[in-house]
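What follows is one structure encoded as structure tokens, with my remarks underneath.
These numbers come from the heavy atoms of this one structure, side chains and all, not from hydrogens, waters or symmetry mates. Note that the structure is a prediction, hence the values are computed from the model and not measured.
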Amino acid sequence: MINFPLFFIKILPPELAHDLSIKLLKIKPEFLKNKHQDDLKLYQHLWGLDFFNPVGLAAGFDKNAEVVMPLLNMGFGFVEAGTVTPKPQIGNEKPRVFRLSEDEAIINHLGFNNQGIEYVAKKLNKLNLNVLSKGVVGINIGSNKDSINIVEDYCNGLEKLGPLAHYVTINISSPNTPGLRDLQKRGQIENLVKSLNKIRNNHENLAAKVVLFKIAPDIDEEQLRDIALMSLALGVDGLIIGNSTIDRPGTLISSKKNEIGGLSGKPLFLKSTLVLKKMYNLTNGQIPLIGVGGISNGIECYEKIKSGASLIQLYTTLVYNGPKIINKIKKEILICLNTDGYNNIKEVVGIDV
């Protein structure tokens with residue numbers, strides 16, 4: 001497998017470099033294929049799905065589900081496409097992606113730019129999960145910026161795209177769509193969960209569909225408790241913790257640190273891991289969690305898992321380190337497991353909480 005920092009061609013603007021990477025993976029899907037077999041110690045059966053390793057790709061890279069198979073072939077245990085909105089959307093004005101190279105971070109203000117549900121449904125139909133031999137595919141859905149009924153947008157996304165993916169993520173935590181994060185508030189999130197549960201109950205092909213909720217790392221203690229209690233009461237399948245942050249840590253040194261948008265990458269690791277620990281504690285480990293935010297090596301991945309994550313997702317580290325980081329992280333997790341005397345990754349989940 002050739003290693004190149006994905007969409008980090010320094011002579012090009014970051015968004016253009018990203019688009020070229022997608023095109024490359026479409027033209028030469030075997031270009032980055034990884035033939036390495038995952039160790040059984042990394043395997044988990046979760047939500048009725050087979051995860052051959054816990055390392056997933058977060059939403060945001062393959063927004064329109066165009067290169068899911070090439071991405072799975074790079075060595076990910078699962079890939080989450082999206083975010084997808086009901087109608088096509090161009091997103092916010094450019095420039096809207098900024099590299100903070102000195103901080104190994106990125107700020108994005110994309111605003112759910114995507115081709116819409118109909119386009120993505122065709123791509124997922126072609127993928128055909130029934131013949132997929134290995135790997136889990138998720139689809140991340142959101143609401144249009146000009147939507148009159150946000151809840152209806154999510155219901156529409158679940159109804160149209162849910163049957164075509166292994167799981168659906170409800171993105172209510174992007175900082176780049178005005179008002180979206182209000183859905184995390186008590187009352188609003190309960191209404192959303194109940195509406196989505198109704199859709200699931202009314203559609204036979206959605207009855208057993210896994211639905212996850214992606215929350216922000218910026219929510220306060222009261223909101224965390226409310227979401228934990230609601231999730232337990234309404235039978236939420238799982239939570240992804242978390243999205244990018246609107247905070248700007250004092251440690252940032254890049255000249256682009258004050259650009260508008262959500263910050264992702266290394267500076268987010270400690271904050272997102274603390275929120276993860278709190279949520280695992282608040283839910284008594286009864287709800288599977290996916291840990292996201294600032295992971296750049298296997299030791300950090302292992303720390304997320306010990307903090308309560310059954311699975312992890314990464315994105316920004318791929319920008320700076322290229323696809324070989326995937327195998328490196330998996331090898332380092334195995335070293336940690338063997339050093340600590342564990343036989344399987346699931347034995348480690350939440351042991352630090």
Side-chain angles (χ1 to χ4, degrees), residues 38 40-59 65 68 71-72 76-84 124 127-141 154 157-159 161-173 189 192-194 196-215 227-228 230-243 276 279-280 282-292 301 304-305 307-314 333 344-350:
D38 289 324
L40 282 173
K41 288 186 177 184
L42 299 178
Y43 170 84
Q44 288 179 88
H45 189 70
L46 188 63
W47 300 304
L49 301 169
D50 294 313
F51 291 86
F52 288 90
N53 73 71
V55 183
L57 177 63
V68 172
L71 290 168
L72 283 173
F76 286 110
F78 63 111
V79 167
E80 188 171 306
T83 299
V84 186
L124 290 175
L127 187 62
N128 191 1
L129 299 187
N130 294 324
V131 298
L132 200 66
S133 60
K134 190 173 180 180
V136 172
V137 179
I139 189 70
N140 184 302
I141 60 175
Y154 286 102
L158 177 61
E159 194 173 350
L161 298 179
L164 306 174
H166 290 117
Y167 73 86
V168 179
T169 294
I170 310 301
N171 188 347
I172 52 174
S173 51
I189 192 168
L192 177 61
V193 173
K194 287 176 180 176
L196 292 168
N197 283 344
K198 190 175 180 181
I199 293 289
R200 281 204 290 186
N201 294 335
N202 291 340
H203 292 76
E204 190 178 334
N205 57 0
L206 287 174
K209 188 61 59 179
V210 178
V211 177
L212 312 177
F213 288 79
K214 186 168 185 171
I215 64 173
I227 291 172
M230 178 280 303
S231 298
L232 290 166
L234 298 181
V236 167
D237 295 319
L239 299 168
I240 299 180
I241 300 166
N243 214 315
L276 174 68
M279 185 56 79
Y280 185 82
L282 288 166
T283 56
N284 299 313
Q286 294 178 42
I287 296 174
L289 307 175
I290 298 179
V292 195
C301 180
K304 288 273 191 194
I305 295 166
S307 297
S310 293
L311 304 166
I312 67 97
Q313 288 178 326
L314 49 85
I333 295 171
N344 187 272
I345 194 76
K346 61 178 175 279
E347 298 172 35
V348 187
V349 177

* **Nearest-0.5 Å distance, CD1 of residue I139 to OG1 of residue T169** => 9.0 Å
* To do: Might you work through the side-chain contact (heavy atoms from CB on, under 4.5 Å) test for V211 and V236, ending with a clear yes or no?
  => CA-CA 7 Å; V211 177; V236 167; over 6 Å; no
* To do: Would you please indicate if the ring centroids of F51 and F78 are separated by under 6.0 Å?
  => yes
* **Side-chain heavy atoms of I290 within contact of L239, under 4.5 Å** => no
* To do: Start with the C-alpha gap between N243 and S173, add the side-chain angles, then the distance that decides, and say whether side chain to side chain donor-acceptor pair (under 3.5 Å) holds.
  => CA-CA 6 Å; N243 214 315; S173 51; 2.9 Å; yes
* Quick one: NZ on K214 to CD on Q313, what's the gap to the nearest 0.5 Å? -> 6.0 Å
* What's the spacing between T283 OG1 and L289 CG if we round to 0.5 Å? -> 5.0 Å
* Structure fact -> Heavy atoms of V136 and L49 approach each other most closely as CG1-CD1, 4.0 Å
* Asked: Does F213 have any ring pair (Phe, Tyr, Trp, His ring centres under 6.0 Å) partners at least two apart in sequence or in another chain, and if so, which?
  -> none
* To do: Starting at CG of L129, measure out to CG of L124 and round the result to the nearest 0.5 Å.
  => 7.0 Å
* Which heavy-atom pair separates S310 from L46 by the least distance, and what is that distance? -> CB-CD2, 3.9 Å
* Is the backbone N or O of P163 less than 3.5 Å from a side-chain atom of N205, with the two atoms forming a donor-acceptor pair by type? -> no
* Dump the intermediate steps for side-chain contact (heavy atoms from CB on, under 4.5 Å) on L276 and M279, then the final yes or no. => CA-CA 5 Å; L276 174 68; M279 185 56 79; 5.9 Å; no
* Min side-chain heavy-atom separation L212-W47 under 4.5 Å -> yes
* Asked: Under the side chain to side chain donor-acceptor pair (under 3.5 Å) criterion, do Y43 and D38 qualify, and how do the steps go?
  -> CA-CA 8 Å; Y43 170 84; D38 289 324; over 6 Å; no
* Asked: Side chains of I241 and Y280: closer than 4.5 Å at any heavy-atom pair?
  -> no
* Asked: With distance as the sole test, does H166 use its side chain to make a donor-acceptor pair with the main-chain N or O of V137 at under 3.5 Å?
  -> yes
* To do: Answer yes or no: is there a side-chain heavy-atom contact under 4.5 Å between Q44 and P54?
  => yes
* Asked: side chain to side chain contact (heavy atoms under 4.5 Å, CB included) with Q286: which residues, sequence neighbours excluded?
  -> L232, N284
* If we only count heavy atoms from C-beta on, is the L158 to L196 side-chain gap below 4.5 Å? -> yes
* Do E80 and L57 come close enough that some side-chain heavy atom pair is under 4.5 Å? -> no
* Where is the tightest heavy-atom contact between L282 and A228, given as atom of each residue plus distance? -> CB-CB, 3.6 Å
* What is the minimum heavy-atom distance between I287 and G238, and which atoms define it? -> CG2-CA, 3.6 Å
* Check: I333 and N53 side chains under 4.5 Å, non-hydrogen atoms -> no
* Structure fact -> Heavy atoms of G135 and L72 approach each other most closely as CA-CD2, 4.0 Å
* To do: Quick one: pull up NZ in K194 and CD1 in I199 and give me the separation to the nearest 0.5 Å.
  => 15.5 Å
* Side chain of K209, backbone of A165: donor and acceptor closer than 3.5 Å? -> yes
* Would you say I141 and V168 make side-chain contact, with heavy atoms under 4.5 Å? -> yes
* **Rounded distance [0.5 Å steps], CG in D50 versus NE2 in H45** => 5.5 Å
* Asked: Of all heavy-atom pairs between A309 and V349, which one has the smallest distance, and what is that distance?
  -> O-CG2, 3.8 Å
